[in-house]
Every structure is written in structure tokens, then in C-alpha cells.
Undergrad: 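The structure under discussion is supplied below as C-alpha cells; questions concerning it will follow.
Letters A, B, ... mirror the listed sequences (proteins, then strands); counts begin at 1.
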Number of protein chains: 2
Amino acid sequence: MDERQALSSFAALSQETRLAIVRALVVAGPEGLAAGVIAERMGVSATNVSFHLKELERSGLISQRRESRSIIYSASYDALAGLVKFLMEDCCAGHPAIRENVEKSDGCCSPDDEVASA
Amino acid sequence: MDERQALSSFAALSQETRLAIVRALVVAGPEGLAAGVIAERMGVSATNVSFHLKELERSGLISQRRESRSIIYSASYDALAGLVKFLMEDCCAGHPAIRENVEKSDGCCSPDDEVASA
DNA sequence: CCAATAATTCAAGGAATATTGAACTATGGA
DNA sequence: TCCATAGTTCAATATTCCTTGAATTATTGG
């Protein structure tokens, strides 16, 4: 992930609706969600969700595919992982202690926990 | 780190000058850098750097202290670590594989490498 | 106290983003 | 073919963000 991409990703994630969309898509997994479903869940208009989805796609955080009448969006795990890495590298540049801090207090998921489901 | 803080942090990091400032401050360490030094390094006016520093402080990513005539800014490692964690949790919410991916390809710094310098 | 240094705040203009409704495109079924 | 469904694109407006120069505040040295 180069700086331009990171800047664009941060911008994409700095908007409430878009952050919520990314979260929903990450939870949804590779199957993704149709634009209409996303709009409904977020409580925004079709026009508006379309605008935000385009922004997210432009930054590379999500991708789309057509499936019959629907357009299905899904999270780009590579891009998300790349962004985390970018942030970590910036942190570590100064003080490795941060990295430790992140890993120690990680209440998210342990590496060997649910890997079977991937 | 709650959502509001994350949104604000992403917004702060989505601007070229501000991202460069954070990087410089992370490298500078706890001693930090004076506003004037930052302005000079970034090649922007005093007014402009002041604006961006205020934005960064508002989001909690940096903090300031006065030292004689200068105002010294330094990175908030806690906030940065919190942001990394926030992102990781969003990732992991869907697929733990991402976390593995981040850790595997991390060419940044190993936990027991430079910790002595902290 | 006065001048110099270091920075911030204010106000104004310009640029980029976000929101909305109307018009348009693509797909699938009767 | 015609219609309904699912989305997008367009154009206009509103809002927020960025930049700049001028004025202001805080600190130190003479």
C-alpha cells in the first residue's frame, strides 16, 4: 500500500455511512451484499448509497460484481490488511512498543480460533 | 477507541500534510517537534501548519506542550495503537485470516527487536 | 517597558464532499 | 415487447475543509 492509496482509504473511512458499510461488508464475508440491501440497512437513499459505494471502490476497499439484477459489493480483505499494515509501520517507525501494545490488548480474535471457517 | 474518535482520526490522516506530520512526530519520539520546525520540514506556512496541528489534536492523535517560546507537538502512541486496534477488530469481525495476513507480512519491526530503546 | 520571536486566531475565498430528486441504463419475467 | 426491479448518473445545492494574509497573544532578552 503506497501513500496515495492510504490517504484515499483514510478519506473513505472518515465518513460515518461509509465506515458502517465497510463494517457490514466485512461481516458479510466474500458473498457480499447487494446495493439495495446496504441502502436499506444504512437507512439512506439508493442515490446516496451509490455515491458512497463508488467512493469506497475508488479507494480499493471494496469491489463489486453483477449478479442478475443486483450489484453485489464485498470488502477487499487485502486492501484492509494493507491499510492496517501501513498504519502499523508508521507506528513502529518510532516506537515498537506500540506494536506490542496493539497485540497485547487485542480482544478481537485469536489467530488459531476461527481460521477453519475461512 | 469509539467510533466517533475513529472517524475523526481517519479524517485527520486523510490529508497529505497531516499524515506527513504524524509520521514525522512518530519518528521524533516523545521529545516531539516545535511547530516551527514542523512547518519548515513540511514546507508550509505557520498559519497552515497551525491549522493542521489543531485538527490532529482535536482527533487526539497528537498532543502539545509549551516550552519557552515554542510549542512542542508529539504523537500520541496510545491513540495510534487504538486506531490500529479499531481497524483490526473491524477486519477480524469477518475473517481472522486478515489478521494472520497482517502479522505474517509485517516487515516493520519485531516485538523483541528494539524494545530496549523505549 | 520595548522589541523580537514563536505561534495562534480571524476572516475571506476557493476547492472538495455530501445530499437530493429527476432522468437514465441494464436485467429478467409475463 | 412491455413492464417492473435494481442501480447508476446527472445537475444543483449545501456543507465542510483548505489556504492565505492580517491581526493577535505569549514569552524572553535588552
Undergrad: For residues Phe10(B) and Leu87(B), report the shortest heavy-atom separation together with the two atoms involved.
TA: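 In terms of heavy atoms, the two residues are closest at CZ-CG, 4.0 Å.
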Undergrad: Identify the heavy atoms of Ala79(A) and Gly60(A) that sit nearest to each other, and give their distance.
TA: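 It is CB-O, 3.3 Å.
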Undergrad: Which pair of non-hydrogen atoms, one from Ala12(A) and one from Ser59(A), has the smallest distance, and what is that distance?
TA: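 Closest heavy-atom pair between Ala12(A) and Ser59(A): CB-OG, 3.7 Å.
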Undergrad: Check side-chain contact (heavy atoms from CB on, under 4.5 Å) between Ile72(B) and all other residues, then give those that pass, not counting sequence neighbours.
TA: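 Once residues adjacent in sequence are excluded, the partners of Ile72(B) under the side-chain contact (heavy atoms from CB on, under 4.5 Å) criterion are Ala34(B), Arg65(B), Glu67(B), Ser70(B).
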Undergrad: Show, in sequence, the C-alpha distance, side-chain angles and deciding distance for Tyr73(A) and Leu33(A), and conclude whether the side chain to side chain contact (heavy atoms under 4.5 Å, CB included) test is met.
TA: CA-CA 5 Å; Tyr73(A) 287 88; Leu33(A) 295 172; 6.0 Å; no
Undergrad: Applying side chain to side chain contact (heavy atoms under 4.5 Å, CB included), run through Leu13(A) and Leu83(A) and close with a yes or a no.
TA: CA-CA 11 Å; Leu13(A) 294 176; Leu83(A) 190 59; 3.7 Å; yes
Undergrad: Assigning hydrophobic clusters by single linkage (Ile, Leu, Val, Met, Phe, Trp, Tyr; side-chain heavy-atom cutoff under 4.5 Å), is Leu61(A) placed with Phe51(A)?
TA: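 Shared cluster, no.
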Undergrad: Identify each atom pair where a protein N or O and an N or O of nucleotides 17-19 of chain D are less than 3.5 Å apart, giving names and distance.
TA:
unit_1, atom_1, unit_2, atom_2, d
dC18(D), OP1, Arg18(B), NH2, 3.1
dC18(D), OP2, Arg18(B), NH1, 3.1
dT19(D), OP2, Asn48(B), ND2, 3.3
dT19(D), OP2, His52(B), NE2, 2.7

Undergrad: Hey, can you pull the residues of residues 35-47 of chain B with a non-hydrogen atom under 4.0 angstrom from DNA chain C?
TA: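 Contacts with DNA chain C under 4.0 Å: Ala35(B), Gly36(B), Ala46(B), Thr47(B).
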Undergrad: Which distance, rounded to the nearest 0.5 Å, do you find between the CG of Leu56(B) and the CD of Gln64(B)?
TA: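 If we round to the nearest 0.5 Å, Leu56(B):CG and Gln64(B):CD are 12.0 Å apart.
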Undergrad: Can you tell whether the side chains of Glu57(B) and Lys54(B) come within less than 4.0 Å, N to carboxylate O?
TA: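 Looking at Glu57(B) and Lys54(B), the cut-off is not met.
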Undergrad: Name every residue in residues 66-75 of chain A that has at least one heavy atom under 4.0 Å from any atom of DNA chain C, in order of residue number, or write none if there are no such residues.
TA: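 Residues of residues 66-75 of chain A that come under 4.0 Å of DNA chain C are, in numerical order, Arg66(A), Ser68(A), Arg69(A).
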Undergrad: Write out all pairs satisfying side chain to side chain donor-acceptor pair (under 3.5 Å) with one or both partners inside residues 6-34 of chain B, taking only residues at least two apart or from two chains.
TA: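 Listed once each, the pairs are Glu3(A)-Arg23(B), Asp90(A)-Arg23(B), Arg18(B)-His52(B).
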Undergrad: Which atom pair, heavy atoms only, marks the closest approach of Ala75(B) to Leu80(B)?
TA: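 Answer, listing the atom of Ala75(B) first, then Leu80(B): CB-CD1, 4.4 Å.
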Undergrad: Could you pull out the closest heavy-atom pair between Ala35(A) and Val49(A), with the gap in Å?
TA: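 Scanning both residues completely, I find the closest heavy atoms to be O-CG1, 4.0 Å.
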Undergrad: Can you pull the contact range of chain A along DNA chain C, 5' to 3', using atoms under 4.0 angstrom from its heavy atoms?
TA: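 From 5' to 3', the first and last contacting nucleotides are dA18(C) to dG28(C).
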Undergrad: Provide, to the nearest angstrom, the distance between the CD atom belonging to Gln64(A) and the P atom belonging to dG7(D).
TA: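 It works out to 11 Å between those atoms.
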